[in-house]
Asks: 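Please see the structure below; I have some questions.
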Amino acid sequence: EKPPQGCAVATVSDKCEVHVLLKGLVDVAKEMTKLEGKKEKLNGQLAKLREAMEIPDYETKVPENVQQQNTEKLKQLETELAKIEKALTSFKMAE
């Protein structure tokens with residue numbers, strides 16, 4: 001569901017986001033900068049995790065429970081990044 005005009009979307013986790021009416025209350029540019037920083041950090045984590053999962057002997061050397069944890073973490077990071085992109089888009093519309 002699309003948030004109302006002038007609302008920001010805060011990503012709490014990969015399963016939760018908050019819509020807050022901020023038009024005229026916050027510095028949109030500053031909030032976008034914070035989201036860009038969070039996005040950059042998550043992209044770094046995602047790249048490291050993908051790199052670890054792409055080593056040649058990953059499936060034979062890494063215990064199955066760790067592989068499952070990594071797969072779940074990968075999904076969480078991808079979901080959170082998508083929500084941050086959505087929040088950035090919302091802020092751009094609120095400007």
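Atom set for the values below is all heavy atoms of this structure, side chains included, hydrogens, waters and symmetry mates excluded.
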Asks: Between E80 and K41, does at least one N-O distance fall below 4.0 Å, as a salt bridge requires?
Replies: no

Asks: Is the closest basic N to carboxylate O distance between E31 and K34 below 4.0 Å?
Replies: yes

Asks: Just how far is it from atom CD of Q45 to atom CG of N43, taken to the nearest 0.5 Å?
Replies: 9.5 Å

Asks: Using 0.5 Å steps for rounding, measure from the NZ atom of K73 to the CG atom of N70.
Replies: 10.0 Å

Asks: Supply the atom-to-atom distance L88 CG to K39 NZ, rounded to the nearest 0.5 angstrom.
Replies: 6.0 Å

Asks: How long is the span from the CG atom in D27 to the OG1 atom in T33, to the nearest 0.5 Å?
Replies: 8.0 Å

Asks: Please walk me through it: do M53 and T71 pass side chain to side chain contact (heavy atoms under 4.5 Å, CB included)?
Replies: CA-CA 9 Å; M53 292 173 75; T71 300; 3.8 Å; yes

Asks: Report the C-alpha distance between M32 and V28 in whole Å, list the side-chain angles of each, state the deciding distance to 0.1 Å, and finish with yes or no for side chain to side chain contact (heavy atoms under 4.5 Å, CB included).
Replies: CA-CA 6 Å; M32 287 179 68; V28 173; 3.9 Å; yes

Asks: Hey, could you give me the NZ/CG distance between K83 and L81, rounded to the nearest 0.5 Å?
Replies: 12.0 Å

Asks: Can you tell me how far the CD atom of E85 sits from the CG atom of L35, to the nearest 0.5 Å?
Replies: 9.5 Å

